Novice: 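Take this structure, written in structure tokens, and hold onto it; I'll ask about it next.
Model, not experiment: these values are computed from the prediction. Values below: every heavy atom of this structure, side chains too, minus hydrogens, waters and symmetry copies. To find a chain, count down the sequence lines: A is the first, B the second, and so on, and within it residues start at 1.
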Amino acid sequence: MDNRDIAAVLREIAVFNDLSGGNTFKSRAFEAVARTVEKLPESLADLVAQDRLSEVKGVGKGTEQVIRELLATGASSELAKLKASFPPGITDLLSLSGMGPKRVKAVYERLGVSTIKALESACREGRVAELDGFGDKTQAKILKAIEYVKTTVGQRLYSEALAIGGELSRLCGDSGLFARVDFAGSLRRGKHVFKDIDLLLVPARDNTGAEVQAFLASLADPDGLIGAGPTKVSIRRTGLQVDFRVVPPGSWPAALQHFTGSKEHNTALRSRAKTLGLKMNEYGVYDASGAALPLDDEASVYRSVGLDWIPPEIREADGEIEAAAAGALPVLVEPGDFRGMVHVHSTWSDGTCSVKELARGCIARGLEWMCLSDHSRSAGYAGGLSDERLREQASEVAALNRKIAPFRIFHGIESDILGDGSLDYPDEVLAGLDFVIGSVHAKLGMGRDEATARLVAAIAHPRLTMLGHPGGGLLLSREGYPWDEQKVLAALADRGVVLEHNCNPHRLDPGWQVLKRAREKGVLVSVNPDAHDLEGFDDVRFGVIMARKAWLGRRDVLNTRTVEEIDAYFAQRRGRGR
DNA sequence: GCCGTTTTCGGCCCGACTGTTTTCAGTCG
């Protein structure tokens, strides 16, 4: 069992503890340890071997026993005991909006209902409304939640969520009802996929409560109004849940902080406020006498609890508060730091722009260099280049480089990583290229050990410069193969191979959590749009946000190198391959 | 269940909204 498996069991114990009506603080304790364990750089097995498990924050007698048992036997007797009183699959009911542990427990114990299907029947027969604490409206709401799950358009890609948020932001702005419209929540912090988005609004004038509420409700899909009060309106818009929060101007700094989250970050922040004798909520920060502290922007909210302003992207309760308290926050990479575009496809394979057009696009964006990497010969479906075509392309690139200097096109390839981990061309062909990105495109069904061995073998190839989209997944459509992150990161660090962050919104692969650990191991990251046209270049904005979430600074990111630096870097890498 | 320059026991973030209730429990973020 690795850390992630163990975290999953700890979470499950928390869920079943809730369902059993156990102490909710016990659940919280288990959840906290699960979160910590997932982020732990060291494996729990190693920590147990060194008898250092109790050093992990939040681990006490109870959680330590569970972890030890899991490592020794692969199962938890505590979880088994908790699960024994429920039928399998009961946790599906928790996925319904409005169904929490108490209501799930009630419908199971009093109606014998343990599946969504059975719950739907019970609702249609009116049996749910008759339960104590339930009623007609709750029953109708549950039915609606079931309908939603059935027809779910579900989660959205970052690009889609941003488009919906942008449109709503414009509509709110144009309405003239608001003095301020801000993205909050994960739209502001950055995320892979979205199940909802948050917008923060400050009314333009007083006494518009009803008007504001009616306007926001009017933005909903038909039958898409989830809830509406004077300060909070929730709707569905093209199927995506949108939460609007309306706050008075004086509360804007605290509200922006509060609604940006994350929940865990805020919890930690308010705990800290409490130890300082302060109270924090979305309306302000208050001292012991209840007097509001003066706040004029978000930075002053953080200052009020003795912290430097924390960039939204890293507000994930993953060390940022401690760093802010110590004045040791990282200086994060910024869009303006980027000088080069990496991983670009042209009409030579499956792109829609010529090499020249791509280069011009980079120049128009103020960049100094570009790494051209079309598909390799095995990728027949994508027009992969034969040895011969690759040589022809090299001539075109050389000719172009003479014309468009000082801009520089580096000639490389996105080589398929074959099933055994080898690359797609003979060594002498690869040796003629400026760089090589290795990516898995086929045989995606491998198990963890096989997939990991394949990646590690490719990383060990002396000609490999960079590992492309290591997880192989497509967000919301295709699960990637499992791989051993620790082994792959160790191999990358050992061989000095760059890790791609593929920032196509369908991929965002690997996730920011992996990038963060890569940085800790000293692995260089390249933020790559995997662009097939000029619009694809814009995806770098998602990559920058993910890089920032991973605490990456300018020097951690390959794309920030000057053309001279990158030239020297590739030359040095090629030298190693000889 | 975990934790402690307030605490080894008594806390554990805080508020909005909804619906079922006549003061609050449940859910959500």
Novice: In this structure, which one of A:S304, A:P253, A:S300 forms a side-chain contact (heavy atoms from CB on, under 4.5 Å) with A:V285?
Specialist: A:S304
Novice: Show me the donor-acceptor pairs, under 3.5 Å and distance only, between side chains in residues 83-98 of chain A and residues at least two apart or in other chains.
Specialist:
| from | atom 1 | to | atom 2 | distance (Å) |
| --- | --- | --- | --- | --- |
| A:K83 | NZ | A:E12 | OE2 | 2.9 |
| A:S85 | OG | A:L82 | O | 3.1 |
| A:S95 | OG | A:D92 | O | 2.5 |

Novice: For A:A273, report the nucleic acid contact type (base, sugar-phosphate, nothing); a contact means any heavy atom under 4.0 Å.
Specialist: nothing
Novice: For B:dC17, does OP1 or OP2 lie under 4.0 Å from any side-chain N or O of A:T231?
Specialist: yes
Novice: What integer distance in Å separates A:K279:NZ from B:dC14:P?
Specialist: 7 Å
Novice: Which residue lies toward the 5' end of DNA chain B, A:G229 or A:T267, if each is placed at its nearest nucleotide?
Specialist: A:T267
Novice: Could you check if a side-chain atom of A:L219 sits within less than 4.5 angstrom of a side-chain atom of A:F244, using non-hydrogen atoms only?
Specialist: yes
Novice: If each of A:D132 and A:I226 is mapped to the nucleotide of DNA chain B with the nearest heavy atom, which maps nearer the 5' terminus, i.e. the 5' end?
Specialist: A:I226
Novice: Is any side-chain heavy atom of A:D2 closer than 4.5 Å to a side-chain heavy atom of A:Q486?
Specialist: no
Novice: Taking 4.0 angstrom as the limit, do A:R11 and A:E38 come out as a salt bridge?
Specialist: yes
Novice: What is the distance, rounded to the nearest whole Å, between atom NZ of A:K26 and atom C1' of B:dG11?
Specialist: 19 Å
Novice: Does the pair A:R188 and A:E298 meet the rule for a salt bridge (charged side-chain N to carboxylate O under 4.0 Å, His left out), with working shown?
Specialist: CA-CA 13 Å; A:R188 183 158 179 247; A:E298 205 184 39; 2.9 Å; yes
Novice: Can you tell me, in whole Å, how much space there is between the C1' of B:dT6 and that of B:dC12?
Specialist: 15 Å
Novice: In whole Å, what is the span from the CG atom of A:L200 to the C1' atom of B:dG15?
Specialist: 15 Å
Novice: Can you check whether A:T63 reaches A:F30 side chain to side chain, under 4.5 Å on heavy atoms?
Specialist: yes
Novice: Please give, in whole Å, the distance from B:dC14 C1' to A:M280 CE?
Specialist: 11 Å
Novice: Pull up the glycosidic torsion of B:dT5 and say syn or anti, syn being anything within 90° of 0.
Specialist: anti
Novice: Take nucleotides 24-29 of chain B nucleotide by nucleotide from the 5' end and write B, S or -, depending on whether a protein heavy atom sits under 4.0 Å from the base, only from the sugar-phosphate, or from neither.
Specialist: --SSSB
Novice: Just to confirm, is there a sub-4.0 Å distance from OP1 or OP2 of B:dA16 to any side-chain nitrogen or oxygen of A:Y283?
Specialist: yes
Novice: Given that both distances must come in under 3.5 Å, which nucleotide forms a Watson-Crick or G-U wobble pair with B:dG19?
Specialist: B:dC24
Novice: Quickly work out the A:F25 CZ to B:dG11 P distance and round it to whole Å.
Specialist: 11 Å
Novice: Does A:L276 reach the side chain of A:V305, with side-chain heavy atoms less than 4.5 Å apart?
Specialist: yes
Novice: Rounded to whole angstrom, note down the C1' distance from B:dT8 over to B:dC2.
Specialist: 12 Å
Novice: Taking CZ from A:F134 and C1' from B:dT21, how many angstroms apart are they, rounded to a whole number?
Specialist: 15 Å
Novice: Encode nucleotides 2-9 of chain B as B, S and - characters from 5' to 3', where the letter depends on protein heavy atoms closer than 4.0 Å: B to the base, S only to sugar-phosphate, - to neither.
Specialist: SS------
Novice: Apply side chain to side chain donor-acceptor pair (under 3.5 Å) to residues A:N3 and A:E42 and explain how you reach the verdict.
Specialist: CA-CA 9 Å; A:N3 290 11; A:E42 290 172 279; over 6 Å; no
Novice: In whole Å, what is the span from the CG atom of A:L216 to the P atom of B:dC17?
Specialist: 12 Å
Novice: In whole angstrom, give me the gap between the P atoms of B:dT27 and B:dT20.
Specialist: 13 Å
Novice: Hey, which of A:R315, A:E320, A:E316 is the one that makes side-chain hydrogen bond (donor to acceptor under 3.5 Å, both in side chains) with A:H265?
Specialist: A:E320
Novice: Give me the distance, rounded to whole Å, that separates B:dG26 from B:dT21 when you measure between the C1' atoms they each carry.
Specialist: 13 Å
Novice: Mind checking A:F30 for me? I need base, sugar-phosphate or nothing, with any heavy atom below 4.0 Å counting as a touch.
Specialist: sugar-phosphate
Novice: Using the P atom as the reference point in each nucleotide, state the distance between B:dG29 and B:dT23 in Å, no decimals.
Specialist: 29 Å
Novice: Look at the side chain of A:N23 against the base of B:dG1 and say whether a donor-acceptor pair falls under 3.5 Å; ignore hydrogens and angles.
Specialist: yes
Novice: Would you mind reporting whether A:K105 and A:Y108 have side-chain heavy atoms less than 4.5 Å apart?
Specialist: no
